Amino acid sequence: MSHAHVSYLELLARGASTEAYDRPVLLARASGADPEALTELEEAKQLALRVRAELEGRRRREAELSALFATAHDLAGLRDLDAVLRAIVQRARSLLGTEVAYLSLNDPTAGDTYMRVTEGSVSARFQQLRLGMGEGLGGLVAQTARPYVTDDYFDDERFQHTRTIDTAVRDEGLVAILGVPLSLGSQVIGVLFAADRRARVFEREQVALLGSFAAHAAVAIDTANLLAETRSALTELERANDIIREHSAFIERASEVHDRLSELVLHGGGVHDVAEAVSEVLGGTVEFTEAGAGTAHRAGGHAVRVGDDWVASVSAGGETLGALVLHGQPRLDPVDQRTLERAALVTSLLLLARRSAGEAEQRVRGELLDDLLDAPDRDRRLLRERAARLRTDSEAPHVVLAARIDRAAEDGDADAGRRESVDRQHLWSAASHLAATRHGLASARDGGTVLLLPLGAGESAADLARQTARSLGGSLREPVTVGASAPVRAPLDHPDRVAFAYGEARRCLDALVLLRRSGQGAAAEDLGFLGLLLADGRDVDGFVGRTIGQVIDYDRRRGTDLVRTLDAYFASGMSPARTKDELHVHVNTVAQRLERVARLLGPDWQSPSRALEIQLALRLYALADVVTGT
């Protein structure tokens, strides 16, 4: 063996750097070695370099295989998916010798992709990056399911650049990036990256190595998903087992409810007894109410959830009587829902029984109201005694209300007459129930129904009319139009006023229909000057007060002249220029006064309908001043 070969074997043995292999050739050349010796040294150097490269490749492959084996070992004992993915990214960065490695996953719900694991990253913006599908180098990898590498990210036009991605990459300082797909079958679920902050060429072996790590990462994710699905299935099985165990308790509880409800019906129990019994069984508070019945009825007789409550409709013969409402149990299983529905059915039976007994009382109430309307000269003492037996407050102010279902008739409708008769019967029934609830009276009359109801504290005739229209319409599920009279004080002491008020209520009802406001409730005070014409009392002061009262009060308090300005403004054809001539003031003064009027009466005071009412109120106010001499 020549001296040259020995020198290079020594270099190989101590793992010298590539540059050290040039030293023997340089020394021989400096010592004047002949060409043959130099050639031998050069051949020995090339052979040694090839051996060194082979040894380096073997060591690298050994390290790669070791890392892949460790990764497979991690997968075999998978407990924490995040820990396995971090190990994969760390090993990829170490073996490829890159400054940064990271892994992104697709989010099908959000429709984008996000950073799952990073190693070597220093930018918070980069670590929290979310980007749309198909954007950046990762988007190109995901679209093609093939590895992609760029030597200089910002000069590469093969993929879609976005401001968000470019800003994050620039923050991190990355230049060269290699990305390989994470694939499950034909589906790309994410991308594994290796990157440097300087220009770099990734070799084919390095691309293959990163692809192997990506395959392991995909297996880890798939394994974790399978484990999650398995745990979910086990949880479902346990839940099903719990349901089976609880089902026996449900059946026993349902049997108990059936027995208790049957006993209540047989022993003449009432609605509140039913509610109390069901409250004990369901563990909440059950009450009977007329509110919320419309929602439950639309559910077709089933219990429905409304907020944190459960509501079951109480209905009979197509008529909604109310609802059972369960409080304090926002979650109700199907068996308990059926229990609530069964209780609602029993409640409807009890109400029907009570109604049959109450129909006689309804007829008595109707007869008393008929006597007030048709025979006001009856003995008032007897009228008061009859009212007392019906628990009617004869001292409170009452309102007479005329109610009617206004159904549009169709040409050639042979059943129109029968349907109208049925409507009248249902309306009278609902009105009688409302009258009994409010301690009033009701009677069928003139193709509709008339009610005499007491006013509540702070309640107006218009309020009562609207409430009555909503209540009757909700019970019948048909639009009911209601006209109201002015309040009648002590109607049993002045029966003649009841008939007088009924005429006013009828005219108000007809006016609502003519104004195409069917299905609404109103009193004369709601109809402006039209109500003034309809009302028997001709409440001129009330109309003036509602229309321009705020302006009148302002003049009285401040000593201003807004009423006169308004009168001159309308007399001048609503022209500020002519108004200032009429008042002998500057046009700016007119404008300031009109601005004040707008703040008092509202921005729409010059609309045609409002302007007409204001002018009429001004005329009536002026006439009142002339009559009183003020």
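Since the model is a prediction, treat every value here as computed from it, not as a measurement. Atoms considered below: every heavy atom in the structure, side chains included; atoms not considered: hydrogens, waters and symmetry mates.
Heavy-atom contacts from other residues, nucleotides or ligands closer than 6.0 Å to CZ of Arg204 number 12 or fewer. When the shell of 6.0 Å around CZ of Arg130 is examined, it contains more than 12 heavy atoms from other residues, nucleotides or ligands.
Partners of Glu135 under the salt bridge (Lys or Arg N to Asp or Glu O under 4.0 Å) rule, at least two apart in sequence or in another chain, do not exist in this structure. For Asp82, the salt bridge (Lys or Arg N to Asp or Glu O under 4.0 Å) partners two or more places apart in sequence, or in a different chain, are Arg116. Not a single salt bridge (Lys or Arg N to Asp or Glu O under 4.0 Å) links Arg86 to another residue, sequence neighbours left out.
The side-chain heavy atoms of Asn106 and Tyr114, taken from C-beta on, include no pair separated by under 4.5 Å. When side chains are defined from C-beta on, Asp171 does not count as touching Phe126, because their heavy atoms never get closer than 4.5 Å. Residues Asp112 and Leu131 are not in side-chain contact: their nearest non-hydrogen atoms beyond the backbone lie 4.5 Å or more apart. You'll find the side chain of Ile165 stays beyond 4.5 Å of the side chain of His161, heavy atoms only. With contacts defined as side-chain heavy-atom distances shorter than 4.5 Å, the pair Val141/Val180 does not qualify. The closest side-chain heavy-atom distance from Glu287 to His327 is below 4.5 Å. Under the 4.5 Å side-chain criterion, counting only non-hydrogen atoms from C-beta, Asp155 is not in contact with Thr150. Side-chain atoms of Val89 and Thr118, non-hydrogen and from C-beta on, never get closer than 4.5 Å to each other.
The closest donor-acceptor contact from the side chain of Ser475 to the backbone of Leu472 lies at 3.5 Å or more, if one exists at all. Under the 3.5 Å distance criterion, the side-chain polar atoms of Ser121 are left unmatched by any main-chain donor or acceptor of Gln127. Side chain of Asp604 to backbone of Ser607: no donor-acceptor contact under 3.5 angstrom is found. Side-chain N or O atoms of Asp196 include none that pairs as donor or acceptor with a backbone N or O of Arg198 at under 3.5 Å. With Thr144 contributing its side chain and Leu140 its backbone, the two residues share a donor-acceptor pair below 3.5 Å. In this structure, the side chain of Ser94 does not engage the main chain of Gln90 through any donor-acceptor pair within 3.5 Å. A donor-acceptor pair under 3.5 Å links the side-chain atoms of Thr113 to the main chain of Leu105, judged by distance alone. Judged purely by atom type and a 3.5 angstrom limit, Gln206 uses its side chain to pair as donor or acceptor with the backbone of Glu203. With hydrogens and angles disregarded, a donor-acceptor distance shorter than 3.5 Å links the side chain of Thr98 to the backbone of Val100.
Considering every non-hydrogen atom in both Ala92 and Leu210, the closest pair reads CB-CD1, 3.7 Å. Closest non-hydrogen pair, Ile177 versus Ala195, comes out as CG1-CB, 3.9 Å. Nearest heavy-atom pair, Gly179 versus Phe193, reported as atom, atom and distance to 0.1 Å: CA-CD2, 3.9 Å. Closest approach of Glu99 to Arg93, counting heavy atoms only: O-NE, 3.0 Å. Here the closest heavy-atom approach between residue Pro181 and residue Pro147 is recorded as CD-N, 3.9 Å. Residues Leu96 and Ala194 approach most closely at CD2-CB, 3.8 Å, considering heavy atoms.
To the nearest 0.5 Å, atom CZ of residue Arg158 and atom OH of residue Tyr148 are 6.5 Å apart. Put simply, CG on Leu192 and OG on Ser212 are 10.5 Å apart, with the number rounded to the nearest 0.5 Å.
Two rings, from Phe159 and Tyr153, have their centers less than 6.0 Å apart.
Checked for salt-bridge contact, Glu172 and Arg197 meet the test: a charged N lies under 4.0 Å from a carboxylate O.
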- Val191 and Leu103: side-chain contact (heavy atoms from CB on, under 4.5 Å), yes or no, with the steps? CA-CA 6 Å; Val191 180; Leu103 182 149; over 6 Å; no
- Task: Would you please test Arg125 and Thr167 for side-chain contact (heavy atoms from CB on, under 4.5 Å) and show each step?
- Result: CA-CA 9 Å; Arg125 185 197 300 268; Thr167 301; 3.8 Å; yes
